Protein chains: 2
Amino acid sequence: MLEKTSSPSDLSVKALRASCSTCSMHQLCLPMGLGENDMDRLDQIIGRRRKVPRDGHLYRMNDPFTNLYAIRLGHFKTCQINAGGEQQITGFQMTGELLGMDAISTDRHHCDAIALEDSEVCEIPFQRLEELFGTMPTLLRHFHRMMSQEITREQSVMLLLGNMRAEQRFAAFLVNLASRYNTRGYSSTSFQLRMSREDIGNYLGLTIESISRLLSKFKKQELLKVNNRHIELLDMPTLKAMAAGNEVCG
Amino acid sequence: MLEKTSSPSDLSVKALRASCSTCSMHQLCLPMGLGENDMDRLDQIIGRRRKVPRDGHLYRMNDPFTNLYAIRLGHFKTCQINAGGEQQITGFQMTGELLGMDAISTDRHHCDAIALEDSEVCEIPFQRLEELFGTMPTLLRHFHRMMSQEITREQSVMLLLGNMRAEQRFAAFLVNLASRYNTRGYSSTSFQLRMSREDIGNYLGLTIESISRLLSKFKKQELLKVNNRHIELLDMPTLKAMAAGNEVCG
DNA sequence: CGTCGAGTTGATTCCTATCAATTGAGGTGG
DNA sequence: CCACCTCAATTGATAGGAATCAACTCGACG
């Protein structure tokens with residue numbers, strides 16, 4: 001599951017090291033807003049890049065917490081399993097997003113993180129990160145913003161799960177993906193779903209059949225085109241209105 | 001809504017100031033694990049205590065973010081309102097818990113915080129708190145734990161809303177309250193609900209009628225006694241099993 | 001060509017929402 | 001002290017949305 005790292009040459013160690021300054025995600029990710037000097041210091045502590053194959057676990061529930069992970073490439077899902085064995089996907093993460101923050105409170109991971117496609121992350125040893133916080137207030141401040149953002153993200157999922165109808169949930173899901181791809185410089189109207197219908201359903205508190213029906217319905221309403229996992233959003237205004245909970249005459 | 005603070009004598013200023021070291025919540029709240037010296041430094045920056053009457057707003061959505069608040073006395077609810085006007089209660093908070101962490105990411109509050117009864121909080125100016133972080137790693141670490149804990153709390157609500165049946169949700173809600181009262185040294189089996197049936201329903205993604213029916217059902221099953229807002233839990237093992245999603249023959 | 005898994009579509013069931021009526025508690029004022 | 005009002009909560013009847021159960025399609029792959 002892990003890539004081989006046995007006795008690498010200096011060169012290959014350097015190659016394996018992540019470098020924030022040359023990473024295309026550095027204006028989204030942890031080093032956001034850092035000067036060159038600070039970014040170098042952050043680079044110093046960041047461990048190797050780690051490749052995670054499709055369906056591979058980045059970490060599992062109850063694993064001891066040592067690293068945060070910044071996604072460099074690919075997509076992940078995080079999911080919780082309760083005592084009854086039911087799983088709930090708590091989020092889909094993409095490049096520039098941070099994984100593992102939920103583990104800080106107990107020093108153990110509270111969920112599984114699984115790659116949705118072949119992916120790559122930067123290991124960030126949390127203890128060393130904490131050492132930097134003392135002298136890098138900008139870094140600390142952005143770290144707090146990222147944790148806070150995770151809190152607000154989860155709150156909006158609570159709103160979605162607690163108050164919205166299936167149709168509204170799914171519209172909100174699509175609009176959210178679109179906006180995140182847009183932020184990353186990708187098309188916000190044409191993209192590949194990295195997750196299965198089952199994953200989407202689980203995340204949205206619906207069944208796979210419901211997701212399938214919603215896709216068909218939206219297709220018939222000419223809100224989108226679907227081809228397997230490729231999605232083209234044709235009517236963002238209506239989708240946004242649906243996601244916001246405004247009445248839409250169909 | 002605010003208590004009078006006009007030209008107070010030195011003595012009354014001191015009285016208005018919160019003091020972590022004498023607060024009964026200091027082993028749960030932000031100063032957890034601090035030495036006497038550090039706790040004094042934290043005390044220095046903590047602003048006045050603020051009283052919030054029942055149904056009063058501690059802050060509102062979109063208010064600019066300046067303070068975190070530690071609950072000294074009473075109970076709060078936090079709720080989001082979406083564009084469609086629907087509200088979702090995202091949590092009920094009690095003594096020793098921190099309010100406002102979701103505002104760090106955008107410098108504006110993302111939800112309303114409303115007192116469920118006459119309550120009292122300590123104002124913690126976030127900018128000054130950040131200044132302390134540089135030299136108080138213990139404080140910083142515990143702050144991170146508290147944020148992380150909020151993330152995991154919300155994840156378990158996502159599990160609840162996404163996967164659980166009404167009965168299971170309500171059992172989980174009761175068990176969660178019981179455990180938090182237990183942590184605070186109160187009875188875990190006999191307590192007052194501070195929130196209305198409507199609030200409970202909103203939080204759990206159910207209607208007020210469903211909550212009422214569940215209470216009646218649980219009462220009939222002799223899992224609990226209810227008298228208005230007073231609850232007595234009679235069969236914790238069964239309630240816990242229900243919350244965990246284990247089959248319970250009723 | 002057959003198998004396997006993912007996804008779609010249809011028929012039916014069931015849980016919870018909705019609608020409606022009633023009860024009860026707390027507060028006010030005559 | 002009691003009548004009255006109001007709001008919260010309970011209980012019942014019905015409706016509706018999504019789950020469940022089931023059959024089928026499609027594409028990938030050996």
Side-chain angles (χ1 to χ4, degrees), chain A residues 54-55 77 84 86-89 114 116-117 160-174 192-221 224-231 242 245 247-248 250, chain B residues 53-55 77 84 86-89 114 116-118 160-174 192-221 224-231 242 245 247-248 250:
Chain A
R54 183 172 194 201
D55 296 326
K77 65 177 173 184
E86 304 276 344
Q87 86 162 12
Q88 168 74 30
I89 294 175
I114 298 167
L116 294 172
E117 60 188 327
L160 180 146
L161 292 172
N163 270 318
M164 296 186 188
R165 299 310 190 63
E167 191 179 281
Q168 197 182 350
R169 292 185 199 187
F170 190 55
F173 171 73
L174 292 172
Q192 206 73 21
L193 293 174
R194 321 296 163 130
M195 64 296 283
S196 66
R197 307 282 194 269
E198 188 165 11
D199 282 345
I200 298 173
N202 184 298
Y203 177 62
L204 297 178
L206 301 169
T207 58
I208 182 173
E209 293 96 329
S210 292
I211 300 301
S212 189
R213 277 184 246 274
L214 285 165
L215 273 169
S216 303
K217 188 177 173 191
F218 282 13
K219 198 160 56 175
K220 197 183 291 177
Q221 292 176 303
L224 50 74
K225 285 184 191 168
V226 196
N227 197 341
N228 298 320
R229 291 196 178 182
H230 185 84
I231 292 279
M242 289 171 76
E247 294 298 319
V248 176
Chain B
R54 181 169 199 212
D55 296 325
K77 64 177 173 186
E86 303 277 345
Q87 87 162 10
Q88 169 73 31
I89 294 175
I114 299 168
L116 294 172
E117 59 187 326
D118 290 351
L160 179 147
L161 292 173
N163 271 318
M164 296 185 187
R165 299 309 193 60
E167 193 179 281
Q168 199 182 348
R169 292 185 199 187
F170 190 55
F173 170 74
L174 293 173
Q192 206 74 22
L193 294 173
R194 320 297 162 129
M195 65 295 283
S196 66
R197 307 283 194 269
E198 188 165 11
D199 283 345
I200 298 173
N202 183 299
Y203 176 63
L204 297 177
L206 301 168
T207 58
I208 182 174
E209 293 95 330
S210 291
I211 300 301
S212 190
R213 277 185 245 275
L214 286 165
L215 273 169
S216 302
K217 189 177 172 191
F218 283 13
K219 198 161 54 176
K220 198 183 292 176
Q221 292 176 305
L224 49 74
K225 284 185 192 167
V226 195
N227 196 340
N228 299 320
R229 292 196 175 181
H230 185 83
I231 293 279
M242 290 172 75
E247 294 299 319
V248 175

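Residue numbering restarts at 1 for every chain, and letters A, B, ... go by the order of the sequence lines. In this text, all values refer to a predicted model and were calculated from it rather than measured experimentally.
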Measure [atom1]/[X] against [atom2]/[N] and give the value in whole Å, please.
X: B:Asp199; N: D:dC7; atom1: CG; atom2: C1'; result: 14 Å
X: A:Glu86; N: D:dT20; atom1: CD; atom2: C1'; result: 14 Å
X: B:Lys217; N: D:dT11; atom1: NZ; atom2: P; result: 14 Å
X: B:Met164; N: D:dA19; atom1: CE; atom2: C1'; result: 18 Å

Can you tell me how far apart [atom1] ([X]) and [atom2] ([Y]) are? Round to the nearest 0.5 Å.
X: B:Arg169; Y: B:Met242; atom1: CZ; atom2: CE; answer: 13.5 Å
X: B:Ile89; Y: B:Glu198; atom1: CD1; atom2: CD; answer: 8.0 Å
X: A:Asp199; Y: A:Lys77; atom1: CG; atom2: NZ; answer: 3.5 Å
X: A:Leu214; Y: A:Lys219; atom1: CG; atom2: NZ; answer: 12.5 Å

Do [X] and [Y] touch side chain to side chain, with heavy atoms closer than 4.5 Å?
X: A:Phe170; Y: A:Lys217; value: no
X: A:Leu116; Y: A:Arg54; value: no
X: B:Gln192; Y: B:Arg194; value: yes

Chain A contact limits on DNA chain C, taken 5' to 3' with a cut-off of 4.0 angstrom to heavy atoms: C:dG7 to C:dT18

Output the residues of residues 202-215 of chain A in contact with DNA chain C, where contact means a heavy atom of the residue under 4.0 Å from an atom of the strand; sort by number or write none. A:Glu209, A:Ser212, A:Arg213

Before giving the answer on side-chain contact (heavy atoms from CB on, under 4.5 Å), spell out for A:Arg197 and A:Leu215 the whole-Å C-alpha distance, their side-chain angles and the decisive distance to 0.1 Å. CA-CA 10 Å; A:Arg197 307 282 194 269; A:Leu215 273 169; 3.2 Å; yes

Output, in order, the C-alpha distance, side-chain angles, deciding distance and verdict of side-chain contact (heavy atoms from CB on, under 4.5 Å) for B:Leu160 and B:Phe173. CA-CA 9 Å; B:Leu160 179 147; B:Phe173 170 74; 5.6 Å; no

Scan A:Gln88, A:Met195, A:Glu86 and name whichever one has a side-chain contact (heavy atoms from CB on, under 4.5 Å) with A:Asn202.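 So, applying the side-chain contact (heavy atoms from CB on, under 4.5 Å) to A:Asn202 and each of A:Gln88, A:Met195, A:Glu86, only A:Gln88 qualifies.
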
For the residue pair A:Leu161 and B:Gly162, what are the closest heavy atoms and their distance?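 Where A:Leu161 meets B:Gly162 most closely, the heavy atoms are CD1-N, 4.1 Å.
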
Let me spell it out: for each of A:Ser196 and A:Arg165, pick the nucleotide of DNA chain C with the closest heavy atom. Which residue's pick is nearer the 5' end?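 Nearest nucleotide further toward 5': that of A:Ser196.
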
What's B:Arg229 touching, base or sugar-phosphate or nothing? Going by heavy atoms closer than 4.0 Å. sugar-phosphate

For the helix from C:dC1-D:dG30 to C:dG30-D:dC1, what angle separates the axis at the start from the axis at the finish, each from five pairs, in steps of 10°?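 Comparing the axis at each end, I get an angle of 20°.
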
